[in-house]
Amino acid sequence: MFGFNQNIPTRMKCFLFTLIFFLTLNFQAQPDSLFLKLPPKKYDGPEWTRKNQASVDINQVSFVNWNAGGSNSISGLVGARTIANYNDRYFTWRNEAQFRFGVNKQEDRELRKTDDLFEVISNLGFQPDSLSNWFYSARFSFRTQLSNGYKYPNKDNPISRFLAPGYLFFGGGMEYGKNIERISFYFSPITLKATFVLDEDLANAGSFGVTPAVYDIDGNIIRAGEKLRREFGILVTNSYEMEVVENVDLIQRVSLYTDYINNFGNIDLDWRVDFNFKVNSYIRATFGSHLRYDDDVKTQVATEVEGEFEEAGPKLQWKQFLGVGLALDF
């Protein structure tokens, strides 16, 4: 019987198991029909392809003499996405930037943020053999938010700000892609992860894994908190897009990262699955799920004092969303 050696740390076992799982997902679970629909194109020289999309989703609920009760509410989400890809005989360069911002308002309650993202991703790949689906690849990504985040209803002390946090990944490795713009598996044994916390108060508190400030017995700062945390580790990503049925598209992206020095085998997870339902050229619906886990991001729990919270350990974060609105491609 085969099994893990008992001397291997539990976290390392978890990382190896997760890596094997997504390798299997990438090479076995991908539908063959996706490739059959897209035969190889004849090479006609270097090519740039560009795509832009802007979207607005609005959800509203009103109650008048509704005996079951309820609160009037309205929420909105605006988003923009731009893609610019370059391909020639040996190189592929894929670039994507996206922005999302959402708010919600219920009667007798302050306006609250529901979504906030600014992200840039760039992948450069070199294909030495035109008959192979393997690329030497370099990957860059950066993600942050644009406005303050709060642990509602407390709006006096932001728990996040612009570039607090900000996450940067940069590394090199190998990428497998059969029709690489829609399906890819990327493995990088050396990836830099930089976490920025440029807000002084959050840096002093040691938020998002940075080294906190050192205080004397009177509460005065002896050494300010660090605003940058560097990590070197392994990055594994998998992404694919496919048409499930007519007018229903699936987009899946997952990222796994573990640091060599700090708790190797303890995996940071970012996994998003979106279903896009096309009604016509302008109206569409989106249903999605987003899972995150980062050992450096500590959660907060409410205390006995109303509006005050204390730090707890890291937990799995999950966001589910459903929206109907307008989308314009140009």
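Heavy atoms only: backbone and side chains are in, while hydrogens, waters and symmetry mates are out. Note that the coordinates shown come from a computational prediction; the quantities given were computed from them, not determined experimentally.
- Using a 4.5 Å cut-off on side-chain heavy atoms (C-beta onward), Y90 and P128 make no contact.
- Residues L235 and T237 meet the side-chain proximity criterion, which asks for heavy atoms closer than 4.5 Å.
- Looking at S160 and Q145, their side chains do bring a donor and an acceptor atom within 3.5 Å of each other.
- Atom-to-atom distance recorded for S62:OG and E107:CD is 9.0 Å, nearest 0.5 angstrom.
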I'd like to know whether K51 forms a side-chain contact (heavy atoms from CB on, under 4.5 Å) with D329, so could you lay out the CA-CA distance, the side-chain angles of the two residues, the decisive distance to 0.1 Å, and finally the verdict. CA-CA 7 Å; K51 180 181 178 180; D329 294 325; 4.2 Å; yes
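- Atom CG of L250 has more than 12 neighbouring heavy atoms from other residues, nucleotides or ligands inside a 6.0 Å radius.
- Using a 4.5 Å heavy-atom cutoff, the side chains of P314 and D295 are in contact.
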Apply side chain to side chain donor-acceptor pair (under 3.5 Å) to S137 and E175, showing your working. CA-CA 6 Å; S137 185; E175 183 173 14; 3.1 Å; yes
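- Rounded to the nearest 0.5 Å, atoms OG (S147) and CZ (F118) are 14.0 Å apart.
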Is there a salt bridge (Lys or Arg N to Asp or Glu O under 4.0 Å) between E110 and R112? Walk through the geometry before answering. CA-CA 6 Å; E110 72 278 2; R112 297 187 175 186; 2.9 Å; yes
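- One finds the CZ atom of R230 at 13.0 Å from the CG atom of N262 (value rounded to the nearest 0.5 Å).
- Taking CG of L326 as the reference point, atom OG of S281 lies at 12.0 Å (rounded to 0.5 Å).
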Please report the C-alpha distance between N87 and E47 in whole Å, then the side-chain angles of each, then the deciding distance to 0.1 Å, and finally whether the side chain to side chain donor-acceptor pair (under 3.5 Å) criterion is met. CA-CA 5 Å; N87 291 280; E47 178 184 20; 5.4 Å; no
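- Look at D274 and R272 and you find a salt bridge, because one of the NZ, NE, NH1 or NH2 atoms lies within 4.0 Å of a carboxylate O, short of that distance.
- Within the 3.5 Å criterion, the main-chain N or O of N266 finds no donor-acceptor partner in the side chain of N263.
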Before giving the answer on salt bridge (Lys or Arg N to Asp or Glu O under 4.0 Å), spell out for D115 and K319 the whole-Å C-alpha distance, their side-chain angles and the decisive distance to 0.1 Å. CA-CA 10 Å; D115 201 355; K319 180 173 67 175; 3.1 Å; yes
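- Here L117 is tied to no hydrophobic group at all, with no ILVMFWY side chain closer than 4.5 Å.
- For the pair Y215/I222, no side-chain contact is recorded, criterion being any heavy-atom separation below 4.5 Å from C-beta on.
- Salt bridge absent: K278 and D249 never bring a charged side-chain N and a carboxylate O closer than 4.0 Å.
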I180/N133 under side-chain contact (heavy atoms from CB on, under 4.5 Å): CA gap, chis, key distance, verdict: CA-CA 8 Å; I180 196 170; N133 294 315; over 6 Å; no
Evaluation steps, side chain to side chain donor-acceptor pair (under 3.5 Å), between D201 and N204: CA-CA 5 Å; D201 292 335; N204 289 337; 4.9 Å; no
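- Cluster annotation: F162 and L198 are assigned to the same hydrophobic cluster (Ile/Leu/Val/Met/Phe/Trp/Tyr, side-chain heavy-atom contacts under 4.5 Å, transitive).
- Panel note: side chain D116, backbone L146; a donor-acceptor pair is recorded below 3.5 Å.
- Here the side chains of R143 and D270 are in contact, with some heavy-atom distance below 4.5 Å.
- Cluster annotation: I190 and Y186 are assigned to distinct hydrophobic clusters (Ile/Leu/Val/Met/Phe/Trp/Tyr, side-chain heavy-atom contacts under 4.5 Å, transitive).
- Put simply, CG on L228 and OG1 on T195 are 8.0 Å apart, with the number rounded to the nearest 0.5 Å.
- Linking ILVMFWY side-chain heavy atoms closer than 4.5 Å, directly or via other members, places I183 and V254 in a single hydrophobic cluster.
- S188 contributes a side-chain N or O that, together with a main-chain N or O of G172, makes up a donor-acceptor pair within less than 3.5 Å.
- Rounding to the nearest 0.5 Å gives a distance of 10.0 Å between OG1 of T114 and CZ of R100.
- With sequence neighbours left out, R50 forms a salt bridge (Lys or Arg N to Asp or Glu O under 4.0 Å) with no residue at all.
- Ring pair F99/F101 is parallel by interplanar angle, where below 30° counts as parallel and above 60° as perpendicular.
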Kindly determine whether K315 and Y293 satisfy side-chain contact (heavy atoms from CB on, under 4.5 Å), including the steps that lead there. CA-CA 7 Å; K315 294 182 180 179; Y293 179 83; 5.8 Å; no
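- You'll find the side chain of F185 reaches within 4.5 Å of the side chain of V236, heavy atoms only.
- With hydrogens and angles ignored, the 3.5 Å screen pairs no side-chain donor or acceptor of R139 with any backbone N or O of G171.
- For E96 and R253, the salt-bridge test passes: some basic side-chain N is under 4.0 Å from an acidic carboxylate O.
- Judged by distance alone, the side chain of D218 and the main-chain N or O of N220 form no donor-acceptor pair under 3.5 Å.
- A donor-acceptor pair is defined here as one N or O able to donate and one able to accept, closer than 3.5 Å; such a pair exists between the side chain of T258 and the backbone of G265.
- With 3.5 Å as the limit, one finds a donor-acceptor pair spanning the side chains of Y86 and D88.
- For the pair K193 and F169, the cation-pi criterion (under 6.0 Å, within 45° of the ring axis) is not fulfilled.
- Looking at V61 and N59, their side chains never come closer than 4.5 Å, going by heavy atoms from C-beta outward.
- Taking the six-membered ring wherever Trp is involved, the centroid distance between the rings of F187 and Y176 does not fall below 6.0 Å.
- Between the side chain of N238 and the main chain of S184, a donor-acceptor pair closer than 3.5 Å is present.
- Taking 4.0 Å as the cut-off between side-chain N and carboxylate O, R284 and D57 count as a salt-bridged pair.
- For F126 and F91, the distance between ring centers is under 6.0 angstrom.
- Around OH of Y136, the count of heavy atoms belonging to other residues, nucleotides or ligands within 6.0 Å does not exceed 12.
- In terms of heavy atoms, E231 sits closest to R229 at OE2-NE, 3.4 Å.
- With hydrogens and angles disregarded, no donor-acceptor distance shorter than 3.5 Å links the side chain of K227 to the backbone of F196.
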Go through S255 and W271 one step at a time and tell me if the side chain to side chain donor-acceptor pair (under 3.5 Å) criterion holds. CA-CA 6 Å; S255 171; W271 188 5; over 6 Å; no
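- The neighbour count for E200 CD, taken as heavy atoms of other residues, nucleotides or ligands under 6.0 Å away, does not exceed 12.
- For Q127 (side chain) and S132 (main-chain N/O), a donor-acceptor pair under 3.5 Å exists by modelled atom type.
- Formation of a donor-acceptor pair under 3.5 Å by the Y257 side chain with backbone atoms of T191 is found in this model.
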Begin from the C-alpha positions of V248 and N276 and carry the test side-chain contact (heavy atoms from CB on, under 4.5 Å) through to its verdict. CA-CA 6 Å; V248 179; N276 293 324; over 6 Å; no
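- Proximity of I251 to Y240: side-chain heavy atoms (C-beta onward) are nowhere separated by under 4.5 Å.
- Partner of Y167 under the side-chain contact (heavy atoms from CB on, under 4.5 Å) criterion, out of D294, D268, T144: D294 alone.
- Surrounding CZ of R223 are at most 12 heavy atoms belonging to other residues, nucleotides or ligands under 6.0 Å away.
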